[in-house]
Every structure is written in C-alpha cells, then in structure tokens.
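Presented below is the structure to which this report refers.
Just so it is clear, the model here is predicted, and its values are computed rather than measured.
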Amino acid sequence: MGVISQDNRPGSTPDRNLALELVRVTEAAVLAAARWVGRGDKEAADGAAVDAMRLLINTVPMDGIVVIGEGEKDEAPMLYNGEEIGDGSPPRVDIAVDPLEGTRLCAQGRPGSLAVIALAERGSMFDPGPCVYMEKLAGGPEIADCLSLEEPIGTVVKRVAERRGVSPTEITTVILDRERHAEGVRQIREAGSRIRFITDGDVSAALLAVMDGTGVDLLWGIGGTPEGVISAAAIKCLGGQMLGRLWPRNEDERQAAVDAGYDLDRVLEVDDLVGGNDAFFAASGVTDGDLLQGVRYHGAGYATTESLVMRSRSGTVRRISGRHDGSKLREVTGGLYG
C-alpha cells in the first residue's frame with residue numbers, strides 16, 4: 001500500500017522512485033531518435049522519439065496526466081496536453097515531457113540533444129497557459145539568493161562574481177543565440193563577463209548552471225515555458241534556483257494570458273513551477289553533449305545509452321549506463337526502435 005495523501009486515498013502520492021521506471025521511457029526515445037541523427041529531418045526524428053516514448057510510458061504504474069506535452073490534442077496526436085498516460089494505477093501525478101529536446105540538434109548531428117521527462121504530484125506543475133516563452137535565470141545553491149529578474153543581468157553577474165570571490169571574467173553565462181537577447185548580451189559583456197551561446201536545448205544548459213564542475217555559472221534568457229517547468233523539476237532534485245517570468249510573444253498572446261488570470265509581472269521560483277516535495281526527472285542523451293553521452297552503436301549489434309535519474313525527496317542523482325541489444329528490441333517493439 002502506498003503513502004496516504006491528504007485526500008486519504010492510498011497510493012495517491014508517489015512512494016517509490018518512479019524515475020527509475022521513467023528512464024526506460026527516455027532510453028526508448030533516444031534509441032528511436034538516434035537513427036535520425038544528422039539526416040536533416042527533425043520532424044521524423046521527433047516523431048520517432050514520440051512513438052517510442054508512447055509505447056513505454058503506458059506501462060509505467062501511475063495515473064498520469066500530461067501537463068507539458070507536444071501541444072493540444074488536435075495538433076499533436078501523441079503525448080498531447082491533457083492526455084492520460086500510465087497504466088491507471090496510483091499514484092496520481094503530473095507529467096512534463098519533451099521526447100526530443102533539441103530536434104534541430106538531432107537532425108543536424110550537433111551535440112546536446114536529449115529526451116527528457118519530469119513527474120510530480122498531481123496538481124503541482126505550473127501550467128503556462130497561452131504563454132509559450134518565459135524569461136529564465138538559473139544558478140546553483142551557493143548563488144541562489146544572488147539571482148534576480150528585476151535587476152539588469154549585468155548587475156546579477158557582478159554579484160555572482162563577488163559571491164564567488166572572483167573577477168566577472170571568470171563567470172560564464174549560457175544564453176540561447178537569439179536576437180531578442182541583444183540588450184542582455186551587451187550588459188553581460190559590459191560587466192566584463194563571459195558568454196557561451198547555444199543554438200538550442202536550454203534544459204541541459206539549466207542543469208549545467210546548477211551542477212558543480214561544469215564551467216557554467218548561470219543560464220539566462222528567454223526560452224520555452226515547457227523547458228522551464230521540466231528544468232525546475234530537475235533543479236528541485238539537484239538544488240539551486242530557477243526564476244521565470246512569462247514573456248508573451250505578441251499582444252494577442254499577452255491579452256489571452258491576462259484574460260486567463262496570469263500575472264505577467266510575477267517572478268516564479270522553482271517551487272512555483274513545480275510544487276510538492278516529490279519530483280522526479282529522467283533524461284537520456286541522443287547526441288554527445290556536456291551533460292550526457294549520446295547513443296553509440298557497436299559492432300556486435302548493440303547500442304549504449306547514458307541517462308540521468310533524479311528524485312527530489314531523497315536528493316539522489318544517478319548516472320545510468322545502458323546496453324541495448326538491437327535485434328531483441330526490434331523484436332519486442334515490432335521494429336519501432338532498436
């Protein structure tokens with residue numbers, strides 16, 4: 001029997017490390033997507049990851065609902081927002097999923113493409129509504145109180161350098177390479193600090209910003225709200241802080257958010273993005289990157305994967321290597337992946 005929750009239903013909150021079961025789901029996604037690495041077709045790569053993830057996710061013992069998925073039902077036939085997934089048994093949970101984070105990275109054979117999934121207690125994940133983007137700032141536990149979205153980013157960088165006892169020249173901020181970040185880039189450079197630009201994939205960048213020994217101090221910039229929620233689940237496990245503020249792309253989106261009751265000036269913290277005490281995160285690498293090794297094929301007909309598995313309640317972070325027999329997987333999945 002599971003933990004008794006506030007609504008007195010047995011098993012309605014997680015009482016086991018579901019991330020250890022979810023990693024099978026991300027492994028399936030990367031094994032399917034890896035066949036499309038460097039082939040220039042990001043839609044096919046994403047579709048392969050979604051199909052493989054869908055096959056495995058419904059075998060996980062949970063009563064899940066997709067809060068962050070591939071979009072609305074009419075636009076995304078699989079893993080859409082509001083879809084019920086799992087085998088229907090307790091616990092009742094929210095799911096945030098990106099079957100292929102960095103579709104362009106995968107299609108172009110570039111580093112850092114991942115499959116990611118996050119899970120938390122039912123009702124605990126932030127629903128961004130009509131807002132596709134948010135401004136984000138993330139950093140590790142020792143500088144969490146230095147972060148602010150209400151001050152210029154150049155000021156934040158200087159404060160982080162002071163806290164670390166180093167020159168701003170030794171602070172590195174990861175930023176998506178987008179024109180909308182021009183003013184922030186100017187401020188950071190004026191502060192004398194370093195920037196590392198990425199083309200895609202700010203979930204992995206957020207994790208690098210909160211983990212030790214990565215050479216990354218901060219993630220800053222405007223990126224996807226789904227990635228923000230997924231990153232927050234991981235940061236709850238790792239420690240650190242992520243701040244987010246919704247960023248409507250146009251006046252129509254702004255008005256839709258206001259009409260839906262969103263406060264566009266509110267700065268969200270990790271616990272606002274993912275509440276509760278029991279969050280889970282799993283990620284597997286498609287292509288080699290700073291965070292994870294990608295899928296690698298070996299002459300004996302097998303492939304290897306590397307994954308990160310985390311749980312916030314215990315603070316446990318595992319790095320898992322997997323070896324997968326291609327012919328056996330193709331047999332049991334009907335050729336879907338392997």
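Side-chain atoms of Cys131 and Leu264, non-hydrogen and from C-beta on, do get closer than 4.5 Å to each other. Under the 4.5 Å side-chain criterion, counting only non-hydrogen atoms from C-beta, Asp145 is in contact with Arg163.
A distance of 7.5 Å separates NZ in Lys136 from OG1 in Thr225, rounded to the nearest 0.5 Å. In this structure, Lys236 NZ and Phe281 CZ are separated by 14.5 Å, a value rounded to the nearest 0.5 Å. Here Leu100 contributes atom CG and Thr26 contributes atom OG1; the two are 12.0 Å apart, rounded to the nearest 0.5 Å. Going from atom CG of Leu329 over to atom CD of Glu27 covers 9.5 Å, rounded to the nearest 0.5 Å. In this structure, CZ in Arg313 is found 4.5 Å from CG in Asp278, a value given to the nearest 0.5 Å. Within the model, atoms CD of Glu269 and CG of Leu243 stand 6.0 Å from one another, a figure rounded to the nearest 0.5 Å.
Taken together through direct or relayed side-chain contacts under 4.5 Å among Ile, Leu, Val, Met, Phe, Trp and Tyr, Leu336 and Val97 form part of one hydrophobic cluster. Hydrophobic cluster membership is shared by Leu219 and Ile230, with clusters built from Ile, Leu, Val, Met, Phe, Trp and Tyr side chains linked at under 4.5 angstrom.
Using a cutoff of 4.0 Å between basic side-chain nitrogens and carboxylate oxygens, Arg164 and Glu170 are not scored as salt-bridged. Salt bridge annotation for Arg186-Glu183: present, with a cationic side-chain nitrogen under 4.0 angstrom from a carboxylate oxygen. Electrostatic pairing of Asp265 and Arg245 does not count as a salt bridge here, judged by no charged N lying under 4.0 Å from a carboxylate O.
Closest non-hydrogen pair, Ile65 versus Arg122, comes out as CG2-NE, 3.5 Å.
Between the side chains of Thr304 and Arg296, no donor-acceptor pair of N or O atoms lies under 3.5 Å.
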Next on the checklist: Is there a side chain to side chain donor-acceptor pair (under 3.5 Å) between Arg194 and Thr172? Walk through the geometry before answering.
Outcome noted: CA-CA 5 Å; Arg194 300 187 299 180; Thr172 298; 3.0 Å; yes

